[in-house]
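Heads up, the thing below is written out as structure tokens.
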Amino acid sequence: MLIFCPHCGMRPSEEFTPKGLAEAPRPALGGDDRPEDDAWQDYLHTRTNKAGQTNEYFHHSLGCRRWIVVHRNTLTHEVTGSTMASEFWQNQQQAQDWEAGQ
Amino acid sequence: MSARLPQPNRLDHGGIINRDRPVTFTFDRRVYQGFEGDSLASALLANGVKLFGRSFKYHRPRGILGAGPEEPNALVEVDRGPADRDPNHRATMLEIYEGLETFSQNHIGPLNMDLMEVNDLFSRFLPAGFYYKTFFFGGLQAWYRLYEPIIRRAAGLGRPPLAADPHHYDKIYTHADTLVVGGGIAGLTTALSLAKAGQSVVVCEERDRMGGSALWQGETFNGETGAAYIAHMCREIEAAGGRLLPRTTVFGVYDAGTFGAVERCHDHLTKADRAPHTARMKYHRIQAKAVVYATGAIERSVGFNGNDRPGVMLASAGHTFLGKYGVRVGERVSLFTTHDGGYGTAAAFSAAGAEVTVLDARTDAADVSIDGVRVIKGVYAGQAHGRMGVRRVDYDGASSGSLDADALLVAGGWNPAVHLTSHTTDRRQSKPVYDAELLAFVPPELVDQEAAAGSVTGAMSTADCLATAQAAGKKLGGKKIELPTVDQALPVSKPMEMWAVPGAGDAAFLDMQNDATVKDVKLAAQEGFKSVEHMKRYTTLGMATDQGKTANVTGLALLAAATGRDIAQVGTTTFRPPYTPIPIGVLAGHHRQRDYAPFRYSPVHAWAEDNGATFMEAGLWMRPAYYTAPGDKDWLDSAVRETRATRGSLGITDVSTLGKIDIQGPDAAEFLNRLYTNGWKTLPVGKARYGLMLREDGLVFDDGTTSRLGENHYYMTTTTAHAAAVMTHMEFMHQSAWPDLAVAFASVTDQWGALALAGPNARACLAKLFPEVDVSNDGLPFMGVIETQWQGYTARLFRISFSGELAYEVAVPADIFDAFWQAALQAGAEWKITPYGLEALNIMRIEKGHVTGAELDGRVSMDDVGLGKMVSSKKDFVGRAMSEREAFSDPDRAKMVGLVAAKPGDKIIGGGIVFDSAEGPFDYTTMLGYVTSVAQYSPLKDRAIALAFIKNAADWHGKTLYVVSHVHGKSIMEVRAESPHFYDPNNEKVMA
Amino acid sequence: MSDRYGFWRLLREGLRGHTGWGPAWRDPEPKAEYDVIIIGGGGHGLATAYYLAKVHGITNVAVLEKGYLGGGNVGRNTTIVRSNYLHTGNELFYEKSLQLWEGLSGDLDYNVMFSPRSIINCFHTDGQRDAEARRGNQMILHGADAVLLDKEGVRREAPLIDVDNPRFPIYGGLMQKRAGTARHDAVAWGFARGADKRGVDLIQNCEVTGIDVEDGRVTGVQTSRGPIKAKKIGMAVAGNTSRVGALAGLRLPIESHVLQAFVSEGIKPMLHNVITFGAGHFYISQSDKGGLVFGASLDGYNTYAQRGNLPLIEHVMEAGVSFVPAMSKVRLLRSWGGVMDMSPDGSPIIDKTPIEGLYLNAGWCYGGFKATPGSGWCFSHLIADKPTHHIAQMRLDRFKTGRVIDELGAGAQHNLH
């Protein structure tokens with residue numbers, strides 16, 4: 001399998017360490033969310049776990065050491081792209097705002 | 001042996017073997033001769049050998065069925081001796097060499113008198129799945145001790161090697177624009193087209209040379225022989241930059257254009273020709289933008305009684321032995337065919353002087369007249385006779401009769417070798433489709449980066465195969481190449497549908513190795529195993545070493561008939577890698593045994609080795625456990641001596657393996673504040689602080705000290721075990737959650753060497769090493785940090801202590817650490833400086849009540865280890881939210897406590913369970929907790945002490961408890977509980 | 001005539017050409033309504049149906065399977081059966097399951113070939129030895145068996161193991177003698193036949209496409225073969241838990257990952273026990289047929305495809321030849337992948353859901369096969385409103401309460417368990 005790293009390009013998958021699905025951002029610091037609330041549960045435990053297009057954290061651990069979010073299909077393993085983790089949640093927010101505005 | 005031995009079945013001419021090079025070898029200790037270029041199968045057949053082995057279940061005598069990788073019967077052991085023995089070689093793929101020793105396998109007594117053949121007598125009582133229905137009598141113990149051992153001894157094929165593999169195996173990353181799988185004429189034609197267009201092309205061919213059947217079938221190409229035409233093409237491909245890899249099997253297709261292949265480099269060479277230190281095999285991980293499947297087709301048999309007799313073989317196999325090796329497998333040959341292709345083989349045998357009778361299943365077959373060949377139409381082989389070799393063939397159908405025969409060739413039609421096209425990948429999930437016209441599964445619609453060429457597409461004539469090759473080349477951007485004119489073309493036609501003949505039953509074999517019969521498939525259907533997967537698993541059809549290459553399609557066709565479904569509806573079972581079996585060792589390459597994982601060494605590892613250190617593993621690191629000095633009786637003696645020397649005067653230990661992370665930036669303090677449970681905003685420059693990190697789930701992750709070296713510059717240490725995980729965690733939190741923090745950090749574990757000086761004389765020793773630095777209690781107070789220089793290099797002095805003594809850690813660049821270590825030893829000589837290892841450190845840290853990985857096992861909370869006070873209430877941090885879940889404040893949680901043995905000499909067992917009674921009952925409801933760390937001798941207490949986790953820990957202080965270990969013969973040891981801070985609880989020593 | 005299996009029956013059928021064997025199970029059309037529907041005709045679903053009928057007398061039950069019976073992970077695993085867990089939350093359950101295994105062939109009238117050939121978990125350091133000793137002790141306190149072997153003990157038990165391994169020497173091993181292996185397909189078939197005989201309808205090629213919920217309780221399912229009503233529905237669809245759960249609007253703490261497994265060509269006996277190596281996360285045994293059956297860890301990425309990739313395969317082979325050097329020349333016959341229901345603490349969930357009448361059996365990670373009888377037994381009790389103490393901690397809400405059952409101490413990351 002090959003994984004696209006926005007920093008290094010297409011690289012073999014063994015350079016990366018997968019962490020799991022990126023479905024919810026970390027709740028804001030100092031927020032009111034209780035541990036049993038959805039915000040925390042979705043960040044740590046609960047998953048939609050779709051069979052199909054998903055976003056997944058990978059660490060380019062034997063490369064540039066960037067955390068990236070890889071856009072992958074869990075039925076086919078097709079990688080359609082990836083985003084720096086540092087930009088991912090911001091982009092998600094923008095996408096949601098854009099959709100809300102439409 | 002240079003004398004030529006007779007080879008009774010070898011023709012005087014023909015074949016592509018090297019008749020100038022006779023090769024002597026043995027089979028079951030008998031000496032035979034063949035020629036260079038022979039397979040073991042062809043050479044033994046040339047010598048008149050018919051019996052090659054025994055089947056798995058009924059131990060029926062078996063000969064050769066195929067001539068290639070599909071062979072299910074003829075498996076042999078190669079070489080002798082526990083290390084060299086190599087079981088389950090297919091005789092059809094094994095190339096002979098001078099001195100080759102081979103042995104038949106899986107029989108008791110001689111091969112021709114196998115005692116296990118008794119199974120065949122009882123075969124009527126041993127149908128598919130019989131073992132699920134019996135062996136109940138006597139229950140579990142009877143099964144395990146009586147029935148199963150008999151089955152296990154009988155099962156298995158060859159004998160395993162019993163020692164390490166002496167061979168080398170290499171791993172290679174091979175890159176190509178296009179991978180061509182299969183170096184027959186179709187694959188080569190496509191490869192040439194692509195190579196000429198400038199693509200980098202790799203052609204993998206499983207057999208010993210490129211060319212496939214074109215080499216010997218007798219067809220001509222533009223008037224040239226097949227061998228000459230193939231040689232031209234190979235030269236042209238290589239001239240255009242293509243790579244040809246013979247003896248290379250592509251075993252699997254993986255994601256994103258990755259392919260696994262194994263190249264056999266040694267197995268065909270005499271032992272003298274195998275250069276030392278070169279690889280027996282090479283595992284290629286091939287990355288290719290496109291792929292051409294030119295994998296050919298495998299002939300199938302037909303189900304009839306006795307179709308497994310030695311001497312019954314696929315027509316293509318008989319033809320291969322004749323054409324490729326000049327071996328005629330019989331003089332009186334019956335040839336049972338369902339299509340025109342059989343006539344090409346019949347003609348070849350007739351031309352070679354055999355008496356041939358064709359049994360053509362088709363009543364409406366076109367008349368073909370071949371000299372000396374008798375044709376009977378509308379009949380099928382009903383029964384083959386001859387236990388050790390075919391003698392007679394009964395035919396039935398439009399007419400019936402009996403033929404004397406010493407060989408029976410079967411042409412039941414072709415199965416395209418679609419295996420690799422069905423290894424689904426990210427490119428395509430579709431599976432092979434059934435073509436009811438061709439009566440075969442063919443590749444599904446392929447994607448842009450894939451093409452198929454040759455008979456794998458279902459094409460039958462050589463001309464059609466070449467046309468598909470041209471189309472494949474065109475699809476993948478190749479250059480158009482002129483196709484040759486094929487003359488003396490062999491006849492071909494679609495087969496008549498006949499999977500099994502009427503009356504085929506329990507002697508009509510489909511899976512020859514596993515002895516799955518036509519009747520077994522029917523029985524499976526009768527018992528409700530109607531899914532193709534059920535049928536496969538119930539009958540074991542297709543689960544042998546050949547993975548059903550000749551059997552599967554016939555089996556599922558018969559299942560379709562038995563259950564009234566179409567073959568397409570039944571579908572195939574899943575094809576899985578590897579295509580043919582490959583040695584486990586070749587995929588491991590050199591990463592085995594000592595080289596399984598890298599070693600990590602401290603910069604003073606060599607010094608430690610020279611000075612009596614015994615090492616222990618800590619992850620990948622090797623760390624000194626203890627240093628054996630003259631007079632030390634055992635490891636504990638050494639550790640106690642080191643402890644006493646340290647506590648009494650001065651000890652030195654290597655702490656280079658601790659994780660070290662350099663953190664810089666205006667938001668560094670804020671970052672630390674979010675990572676650690678305690679506060680970091682108030683830490684002044686020149687000070688260190690102990691910090692505790694939680695995982696996001698609220699449990700303790702790691703601990704260590706972090707020092708503030710400058711306004712925006714911090715230096716973090718982690719435990720050795722978690723160094724990499726902490727770094728990864730920090731990167732994750734920074735990049736995924738808080739990318740706005742202006743902080744940068746890098747692991748500097750390998751850049752710094754570090755040692756600890758501990759003991760009452762540590763300060764004096766440090767002062768000697770750094771005479772210009774004020775290391776007094778005021779100049780360098782507890783948790784103070786000074787960055788200075790040692791011989792012109794940066795040195796960092798930390799007043800921190802893990803041992804509980806007055807102690808300092810000093811870090812210098814790794815390159816000069818060895819020199820600094822020597823300097824420290826010199827400086828400390830006057831106080832008898834003593835190097836100590838992990839065992840002594842363990843004693844001291846347990847005495848001090850410091851935790852390590854044994855306590856921080858990923859399941860404990862801050863409170864559990866008594867560090868709950870280290871939480872800043874003013875801030876949020878990783879793990880805070882989850883640590884507020886109800887389970888964290890459960891009063892039943894086990895918390896850390898110290899245990900002291902009741903009397904000197906008593907041992908406390910690590911992993912022992914703590915109870916409040918020596919009488920029991922001992923069960924999970926009465927257990928209080930468990931022991932995590934033990935110092936088998938604490939000089940402080942003059943006996944064993946331990947750390948443990950127990951319920952209501954504080955309530956037990958001062959009381960008697962019992963450590964019970966059932967796995968140590970139910971040892972019961974009395975202990976007293978107390979605070980885990982045995983040594984200097986008020987930190988007077990470390991502050992002194 | 002009795003349709004029980006056995007030696008005499010085999011003899012009789014052999015003499016008359018095996019014409020008397022009836023179908024192992026019927027192939028019924030789905031009825032309009034059942035008392036209980038079990039979604040998933042894998043090992044756990046079939047076992048649940050079997051025990052519902054046998055223990056609780058609830059026989060108006062349908063098992064709905066989208067493919068063929070036993071086609072999930074019960075049909076693609078390394079067949080290890082053991083009860084060597086540390087935590088009460090797991091050990092009570094797995095020990096119950098092991099006890100059921102010990103009588104299973106007789107109970108089912110089907111030889112599942114459970115073979116107590118023992119498991120040895122090899123350890124490589126003093127610290128690991130203490131941890132294994134603790135585990136062994138706790139196993140015994142929960143009614144299981146355990147023996148702590150030293151280095152020579154491991155060598156005696158398994159002479160082909162490289163206990164003097166030059167990279168990660170083996171200090172010893174924790175052995176559970178009652179552990180072993182079983183014939184995986186037979187387990188599914190035995191439970192299927194037993195359930196069918198007691199009146200359960202096993203309905204294959206019947207995919208559940210919807211779960212009907214009214215006023216917070218289930219009323220039935222929509223399937224590829226039409227709607228079916230039931231007031232109680234049990235989900236036993238590990239590998240597809242999230243997908244099926246979503247039909248009822250559930251979001252669950254599960255990720256799907258692939259675990260690859262491997263089998264070699266058949267060879268004469270070379271390994272008796274089941275053996276695991278901590279240093280390589282590697283485990284191996286030899287089947288009755290002679291194949292070495294082995295595997296290691298997850299590929300690591302999320303997937304629903306039953307296949308993996310080469311980096312993990314290489315890792316497994318490296319570990320294998322490092323610890324069993326003689327297996328280097330043995331040939332790999334087949335590799336495959338199964339989709340694992342990975343939970344955040346590595347332990348399963350057998351519990352009610354927030355939807356009344358909908359029961360969940362999920363999160364089996366690598367360990368579902370050995371759990372098969374225990375899971376069926378406990379899940380049937382839960383569905384019959386007689387929950388047992390064996391599953392008291394296998395709660396769905398434990399990630400909210402923090403009462404996790406984390407055997408490895410790896411924390412809340414699904415693919416680390």
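In what follows, every chain begins at residue 1, and chains take the letters A, B, ... in the order their sequences are listed.
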Please classify the contact between [X] and chain B as side chain, backbone, both or neither, with a heavy-atom cut-off of under 4.5 Å.
| X | value |
| --- | --- |
| Asp126(C) | side chain |
| Leu160(C) | side chain |
| Asn137(C) | both |
| Ala319(C) | both |
| Asp162(C) | side chain |

- [ ] Might you work through the side-chain contact (heavy atoms from CB on, under 4.5 Å) test for Glu132(C) and Val967(B), ending with a clear yes or no?
- [x] CA-CA 10 Å; Glu132(C) 291 295 329; Val967(B) 295; over 6 Å; no

- Query: So, do Phe529(B) and Trp25(C) have ring centers that fall under 6.0 Å from each other?
  - Reply: yes

Anything under 30° is parallel, anything over 60° is perpendicular, the rest tilted; go ahead and classify Tyr144(B) against His272(C).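 Tyr144(B) and His272(C): tilted rings.
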
Describe, in one word, how the ring planes of His315(C) and Tyr596(B) are oriented to each other, choosing from parallel (under 30°), tilted (30 to 60°) and perpendicular (over 60°).
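Geometry flag for Tyr596(B) against His315(C): tilted rings.
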
Per side-chain hydrogen bond (donor to acceptor under 3.5 Å, both in side chains), Ser328(C) is matched among Arg592(B), His167(B), Gln593(B) by Arg592(B)

Chain C contact via [X] - which portion, at a heavy-atom distance below 4.5 Å:
| X | value |
| --- | --- |
| Ala544(B) | backbone |
| Ala154(B) | backbone |
| Arg145(B) | neither |

So which pairs with a foot in residues 315-330 of chain C pass salt bridge (charged side-chain N to carboxylate O under 4.0 Å, His left out), sequence neighbours left out?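 The answer is Lys171(B)-Glu318(C).
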
Query raised in the report: Between Tyr283(B) and Glu314(C), does a side chain to side chain donor-acceptor pair (under 3.5 Å) hold up when you go through it step by step?
Result: CA-CA 10 Å; Tyr283(B) 157 46; Glu314(C) 293 166 21; 2.4 Å; yes

Could you check if a side-chain atom of Thr401(C) sits within less than 4.5 angstrom of a side-chain atom of Arg885(B), using non-hydrogen atoms only? no

ask   = Does Arg159(B) have any salt bridge (charged side-chain N to carboxylate O under 4.0 Å, His left out) partners at least two apart in sequence or in another chain, and if so, which?
value =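 Salt bridge (charged side-chain N to carboxylate O under 4.0 Å, His left out) check on Arg159(B) returns Glu77(B).
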
_Can you give me the closest heavy-atom contact between Tyr5(C) and Lys133(B), atom names plus distance?_
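Shortest heavy-atom separation between Tyr5(C) and Lys133(B) comes out as CB-O, 3.4 Å.
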
Using the rule given for side chain to side chain donor-acceptor pair (under 3.5 Å), can you reason through Arg183(C) versus Tyr132(B), listing the C-alpha separation, both sets of side-chain angles and the distance that settles it, and then say yes or no? CA-CA 9 Å; Arg183(C) 171 80 186 101; Tyr132(B) 301 130; 2.9 Å; yes

